[in-house]
There are 2 protein chains.
Amino acid sequence: MRIRVAIVDDDAELGANLRSLIDGAGDQVCVGTYPDSDSACKVLLRDPPDVVLMDINLGRHSGIDCVARLKAVVPQVQVIMVTVYEDTERIFKALSAGATGYLVKREVGPELLEAVRQVMQGQSPMSGHIARKVVEHFQKPRLAGNSPEDLTPAEARVLDQLAQGYMYKEIAANNGITLDTVRTHIRSIYQKLQVHTRAEALLKYLGQS
Amino acid sequence: MRIRVAIVDDDAELGANLRSLIDGAGDQVCVGTYPDSDSACKVLLRDPPDVVLMDINLGRHSGIDCVARLKAVVPQVQVIMVTVYEDTERIFKALSAGATGYLVKREVGPELLEAVRQVMQGQSPMSGHIARKVVEHFQKPRLAGNSPEDLTPAEARVLDQLAQGYMYKEIAANNGITLDTVRTHIRSIYQKLQVHTRAEALLKYLGQS
DNA sequence: CCGTAAATCGCATGTAGATGCGAGTTGGAT
DNA sequence: ATCCAACTCGCATCTACATGCGATTTACGG
């Protein structure tokens, strides 16, 4: 069974190119190309393909909205963004909306066929620099933050669990220490973090203020 | 100039294999292998390589701690985790600590050499399933979500201030309402958010913006 | 006009969290 | 040997938070 692929791109020429590329692969077949979000949704919601290749820049509605609409109804469809945009904003919005792959257009070619196979296998094909931006998203908080890490190992462990919503008694049980010891650690943490409540500690530890 | 690569892995045999793999590539050279975090940091902090291949499972200190120590002093070093662990927890911790690549051990081979080149070019090589987990992190909120916004305006206002660390009495004063009214709103919020403590509410509210 | 949703307020009770004070143990550095 | 930092535990007290139950007012749509 060939992988059923749909294409949403307002550039007719590029859409046609993608189509022949897909159909050229033995294991994939293009089941439709659509120039805008509305026409795409109308058909794809009824007869969902396995994979959708989505351009971001569609006329009225952006491709990101289209992703959201599709995933809301048929969450099993795999969406790969195929676009020229590399700005952080669009990348995150697309991923949040439900896309699982993100390729920049200048890299389309055989890699695209491979990317289609990969999303079907539970992977997330991304162009190299896109992946880096995604990874950096996890690092910013830590790096941008001041350095509240004169916390001792035990304190850090407690804070981490505190930040996951555990109650004092749960933290005590998790670590085989008493409730009073948890209190002691938290006392030190609050002092070092310059806070007086759990909520403030969470804010400092998670985001930063 | 060949890319200088260091290896940190407590499995001597695997370390040696990696070394010969690296040295076998024409454009890379292994400048050292270390079995634990301490010995690695001692040398690498003075004479930083371009790239570090890091195992997570080192004896006493985890490789994640080692990453944090290295990046804190020499942030320009590129770290690629090379490990058997694929659980979400470890992946995020490693990336947060400053790793920019994450490969699972069963996929090491020529891909590793390519990964080294990629991190030097500002990319983030990741094994396919790892990338997917990272991407899902952006989607979880929407998928796992109950509806965050059937909150009434008043409730939303209260929640927002709650999430900024204000005490009940401060929220009451800020909005010209009584403490009991604040309690009432928060009661509704908790019900709608399916939580029972302030900490959980904060996590839900902040975690899915 | 009536029902409903939203917003407001009150009271009571129980649990979780914050903090002051004290103190014993241990591994490592001087 | 000594000291210190980190970790541990206990108790008491006060404040903040969570929740059950009830109640009034206002605004909007049927």
Side-chain angles (χ1 to χ4, degrees), chain A residues 147-206 209, chain B residues 36-39 41-42 45 58-62 64-65 68-69 72 146-207:
Chain A
S147 51
E149 301 309 331
D150 9 299
L151 294 184
T152 68
E155 288 165 357
R157 249 180 299 123
V158 170
L159 176 57
D160 188 61
Q161 291 171 72
L162 199 65
Q164 288 177 47
Y166 289 106
M167 290 184 300
Y168 286 15
K169 64 164 79 167
E170 292 178 311
I171 297 175
N174 290 346
N175 300 17
I177 57 181
T178 69
L179 185 60
D180 277 309
T181 299
V182 175
R183 287 205 181 98
T184 301
H185 286 316
I186 290 179
R187 216 175 315 200
S188 308
I189 293 170
Y190 283 3
Q191 215 170 335
K192 292 178 180 174
L193 255 49
Q194 293 278 290
V195 299
H196 312 279
T197 71
R198 178 173 181 157
E200 290 178 300
L202 258 62
L203 291 176
K204 281 230 175 185
Y205 184 69
L206 299 175
S209 51
Chain B
D36 61 75
S37 178
D38 290 327
S39 61
C41 286
K42 190 183 297 185
L45 288 175
L58 307 175
R60 351 181 320 105
H61 301 301
S62 98
I64 294 174
D65 294 331
R69 290 171 65 188
N146 27 17
S147 36
E149 302 307 331
D150 4 293
L151 294 184
T152 69
E155 288 165 357
R157 247 181 301 122
V158 170
L159 176 56
D160 188 61
Q161 291 171 73
L162 199 65
Q164 288 177 49
Y166 289 106
M167 290 184 300
Y168 286 15
K169 63 165 81 167
E170 291 177 310
I171 297 175
N174 291 345
N175 300 44
I177 58 181
T178 69
L179 186 59
D180 276 310
T181 299
V182 175
R183 286 204 182 99
T184 301
H185 286 317
I186 290 179
R187 214 174 317 193
S188 308
I189 293 170
Y190 283 3
Q191 217 170 332
K192 292 178 179 174
L193 254 49
Q194 294 279 288
V195 299
H196 310 280
T197 70
R198 178 173 181 157
E200 289 178 302
L202 287 207
L203 292 177
K204 281 230 175 185
Y205 183 68
L206 297 176

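Note that this is a predicted model, so its numbers are computed, not measured. Below, chains carry the letters A, B, ... as their sequence lines are ordered, and counting in each starts from 1.
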- Query: For B/Ala199 and A/Gly165, which heavy atoms make the closest approach, and how far apart are they?
  - Reply: CB-CA, 4.2 Å

- Message: Closest approach to the side chain of A/Asp180, judged atom by atom: which nucleotide of D/dG10, D/dC17, C/dT19 is it?
- Response: D/dG10

- Student check: side-chain heavy atoms of A/Tyr166 and A/Leu162 closer than 4.5 Å: no

- Item | Nearest-nucleotide pick for B/Arg183, side chain only, options being D/dC7, D/dT19, C/dT19 | D/dT19

- Note on the structure: Separation of D/dA6 atom P from A/Leu159 atom CG, nearest Å, is 16 Å

- With respect to the side chain of A/Tyr190, which nucleotide from D/dC7, C/dT19, C/dG10 is positioned closest? C/dT19

- Can you tell me if the side-chain N/O atoms of B/Thr178 get under 4.0 Å from OP1 or OP2 in C/dC9? yes

- Protein-nucleotide distance (B/Ile186, atom CD1; C/dT8, atom C1'), rounded to Å: 15 Å

- Message: Pick the closest DNA chain C nucleotide for A/Tyr166 and for B/Leu179 by heavy atoms, then say which residue is nearer the 5' end.
- Response: B/Leu179

- Consider only side-chain N and O atoms of A/Thr181 and A/Thr178, and report whether a donor and an acceptor are under 3.5 Å apart. yes

- Note on the structure: Between CZ of A/Arg187 and P of D/dG10 the distance, given in whole Å, is 14 Å

- Have a look at B/Thr181 and say if it touches a base, only the backbone sugar-phosphate, or nothing, with a 4.0 Å heavy-atom cut-off. base

- Query: Taking all non-hydrogen atoms of both residues, which atom of A/Ile177 and which atom of A/His185 are closest, and how far apart?
  - Reply: CD1-CD2, 4.3 Å

- OP1 or OP2 of C/dA7 less than 4.0 angstrom from a side-chain nitrogen or oxygen of B/His185, does that happen here? no

- Item | Quiz item: B/Thr184 side-chain donor-acceptor pair to C/dC9 base, under 3.5 Å | yes

- If you measure from the Lys or Arg side-chain nitrogens to the Asp or Glu carboxylate oxygens, is any gap between B/Asp160 and B/Arg157 under 4.0 Å? no

- Rounded to whole angstrom units, what separation is found between the CG atom of B/Leu162 and the P atom of D/dA16? 14 Å

- Message: Rounded to whole Å, how long is the line connecting atom CD of B/Gln191 with atom C1' of D/dC21?
- Response: 13 Å

- Select base, sugar-phosphate, or nothing to describe what B/Arg198 touches, counting heavy atoms under 4.0 Å on all strands. sugar-phosphate

- Task: Can you figure out which of C/dA16, D/dT19, D/dG10 approaches the side chain of A/Met167 most closely?
- Result: C/dA16

- Message: Looking only at the side chain of A/Ile177 (C-beta and beyond, no hydrogens), which of the listed nucleotides D/dC7, D/dC9, D/dT19 gets closest?
- Response: D/dC9

